[in-house]
Amino acid sequence: MFGRIMAKSPLDGFVLSIMLAVVVAAFLPATGVFAEVLDYVVIAAIALLFFLYGTRLHPREALEGLTHWRLHLTILSFTFILFPIIGVVLAPLLKHLIGDDLSMGMLYLTLVPSTVQSSIAFTSIARGNIPGAIVSASVSNLLGVFLTPLLVVWLMSTDSGVQFSGASITKLMLEILLPFIVGQLLRPWVGPWLARYAEPTKYVDRGSIVLVVYVAFSEGVREGLWSLVSAWQVVLMTIIATVLVIVMLMLSGWLPKRLGFSREDTIAIQFCGTKKSLATGLPMATVLFAGSSVGLIVLPLMIFHQVQLILCSWLATRYGRQSEPEPAPAA
């Protein structure tokens, strides 16, 4: 009974696990020596996570797929140009509505790369350009490892209180960039083995993200996170996230048609260009905002991620039904 309910629910097991981690952190936060140990475990988990990302992304296939450059350039422009512009424009208003840390989190979510699995899955359900979605989503994550930190430094380090010292840059290099590059270098040898054990590997990287969430929110609880966030702020962030997803879906559906893209390409642009990766954004935030209120910063991304899953699931299903062939008339 419960399984059937969950199968119809827009909440998948991964999202539920993240929500559970938040609840556990709220009532049983990591403290004392346990918290100190978990800090080191999280460092190792983040490094492992980006190592796995490196082993999965094949740069040669991505470069070969870039022959459809108009499609990929359009998707990347939505992800790394239009989204950040909207984030910067909204930042002053959001500071007054939801406060400095949460508004900084809203800006941060506009800077992270697109999702991979869900972008491809929704494109497939909607019967769009699946190869184009695979390449664009992969390239987005490949570039995001480098572009997101640069955008954070450029757009968030001036008046947001986020500062980058030599130590923080070294931490970024060692925990994110170096494992990713090592994963790319070892991909010819490690990649086939990981492909054979794809299912257990999926639980390793998802488990790492859940652990990152638990540690980040444990720190937030110790700092009085829930006393800093009201129910009204959560509701307001949900409304803002919903409006942002709808606006981006409308823009990414309207503009490609004006640029002459096919229906299949337009669908790929919609589902790759409007998504933001929780899997990449959460661990990256832990490194980028060390010493800041990480729990507050990642909360908007978590809300946005759930909203985009619900709305994109509905839209993909609608597109899929529209493209189904009409039943043949009875003889």
Side-chain angles (χ1 to χ4, degrees), residues 69-115 119 133 136-137 139-164 236-261 265-278 280-282 284-285 288-289 292 296-305 307-308 311-312 315:
W69 64 270
R70 289 181 68 246
L71 172 69
H72 306 307
L73 183 61
T74 302
I75 291 173
L76 292 174
S77 295
F78 271 98
T79 303
F80 294 115
I81 297 178
L82 184 57
F83 251 117
I85 289 174
I86 292 175
V88 170
V89 170
L90 289 179
L93 173 63
L94 294 181
K95 281 184 179 181
H96 295 289
L97 292 176
I98 55 178
D100 289 343
D101 287 330
L102 291 176
S103 66
M104 186 165 62
M106 292 296 297
L107 175 57
Y108 173 67
L109 80 83
T110 67
L111 309 182
V112 302
S114 177
T115 60
S119 293
S136 286
V139 170
S140 177
N141 270 253
L142 184 66
L143 293 177
V145 174
F146 303 94
L147 285 182
T148 297
L150 291 176
L151 287 170
V152 169
V153 172
W154 181 30
L155 299 175
M156 300 182 67
S157 62
T158 53
D159 58 354
S160 63
V162 179
Q163 300 296 330
F164 288 85
L236 196 55
M237 281 189 293
T238 304
I239 294 172
I240 294 169
T242 302
V243 172
L244 182 56
V245 172
I246 292 174
V247 168
M248 293 303 290
L249 284 172
M250 291 176 64
L251 282 174
S252 59
W254 173 80
L255 183 60
K257 293 177 183 177
R258 299 299 179 273
L259 296 176
F261 284 102
D265 286 348
T266 299
I267 289 173
I269 292 169
Q270 275 194 294
F271 290 117
C272 295
T274 61
K275 306 290 284 305
K276 288 297 179 177
S277 176
L278 187 70
T280 303
L282 278 175
M284 202 174 274
L288 292 171
F289 304 108
S292 302
L296 286 174
I297 293 172
V298 300
L299 186 58
L301 176 60
M302 293 174 64
I303 293 173
F304 182 89
H305 181 267
V307 170
Q308 74 182 7
L311 292 181
C312 289
L315 184 61

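Keep in mind the model is a prediction, meaning the values are calculated, not measured.
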Item checked: Of L249, V243, T242, the residue whose pairing with V245 passes side chain to side chain contact (heavy atoms under 4.5 Å, CB included) -> L249
Next item on the list: Calculate, to the nearest 0.5 Å, the distance between atoms CG and CE belonging to L82 and M248 respectively.
Entry: 4.0 Å
Checklist line | Close side-chain approach of P113 to L143, heavy-atom, < 4.5 Å | finding: no
Margin query: Suppose we screen for side chain to side chain donor-acceptor pair (under 3.5 Å). Which residues come up paired with S136, at least two apart in sequence or across chains?
Written below: H72
Check: Minimum heavy-atom separation for L155 to P84, with atom names?
Finding: CD1-CB, 4.2 Å
Check: Out of curiosity, L251 CG to I269 CD1, how far, rounded to the nearest 0.5 Å?
Finding: 12.5 Å
Checklist line | Full working for side chain to side chain contact (heavy atoms under 4.5 Å, CB included) between L315 and Q270 | finding: CA-CA 10 Å; L315 184 61; Q270 275 194 294; 4.0 Å; yes
Check: What's the shortest heavy-atom distance between L296 and D101, and which atoms?
Finding: CD1-OD2, 3.4 Å
Margin query: I'd like to know if the side chain of S114 and the backbone of G273 have a donor-acceptor N/O pair within less than 3.5 Å.
Written below: no
Margin query: How long is the straight-line distance from CD1 of I303 back to CG of L278, given to the nearest 0.5 Å?
Written below: 11.5 Å
Checklist line | Closest approach of L111 to F80 (non-hydrogen atoms, all atoms of both residues) | finding: O-CE2, 4.0 Å
Check: Say you draw a straight line from CG of L109 to CZ of F83; how long is it, rounded to the nearest 0.5 Å?
Finding: 7.0 Å
Item checked: Reported CG-to-CD1 distance for the pair L97 and I240, which is rounded to 0.5 angstrom -> 6.0 Å
Check: Sub-3.5 Å donor-acceptor pair from the side chain of K276 to the main-chain atoms of T110, do we have one?
Finding: yes
Checklist line | Closest approach of G253 to T266 (non-hydrogen atoms, all atoms of both residues) | finding: O-CG2, 3.8 Å
Next item on the list: Show your reasoning for whether side chain to side chain contact (heavy atoms under 4.5 Å, CB included) applies to Q308 and T274.
Entry: CA-CA 8 Å; Q308 74 182 7; T274 61; over 6 Å; no
Margin query: Would the distance check show the side chain of Y108 and the main-chain N or O of A285 forming a donor-acceptor pair, the cut-off being under 3.5 Å?
Written below: yes
Check: Are L255 and F261 close enough that some pair of their side-chain heavy atoms sits under 4.5 Å apart?
Finding: no
Margin query: So, taking the atom named CD1 in I81 and the one named CG in L147, what distance separates them when rounded to the nearest 0.5 Å?
Written below: 9.5 Å
Next item on the list: Looking only at non-hydrogen atoms, find the nearest pair between C272 and I75 and report the distance.
Entry: CB-CG2, 3.7 Å
Checklist line | Donor-acceptor contact present, side-chain S119 to main-chain F271, <3.5 Å | finding: yes
Note to self: Assess the residue pair R70 and D265 against the criterion (side chain to side chain contact (heavy atoms under 4.5 Å, CB included)); give the C-alpha distance rounded to whole Å, side-chain angles, the decisive distance to 0.1 Å, and a yes or no.
What the structure shows: CA-CA 10 Å; R70 289 181 68 246; D265 286 348; over 6 Å; no
Margin query: According to side chain to side chain donor-acceptor pair (under 3.5 Å), who are the partners of T280, at least two apart in sequence or on a separate chain?
Written below: N141, S277
Next item on the list: Using the test side chain to side chain donor-acceptor pair (under 3.5 Å), find all partners of T79 that sit at least two apart in sequence or belong to another chain.
Entry: none
Checklist line | Test log, rule side chain to side chain contact (heavy atoms under 4.5 Å, CB included), inputs V152 and M284 | finding: CA-CA 11 Å; V152 169; M284 202 174 274; over 6 Å; no
Check: With side chains defined as the heavy atoms from C-beta onward, is the minimum distance between L90 and M106 less than 4.5 Å?
Finding: no
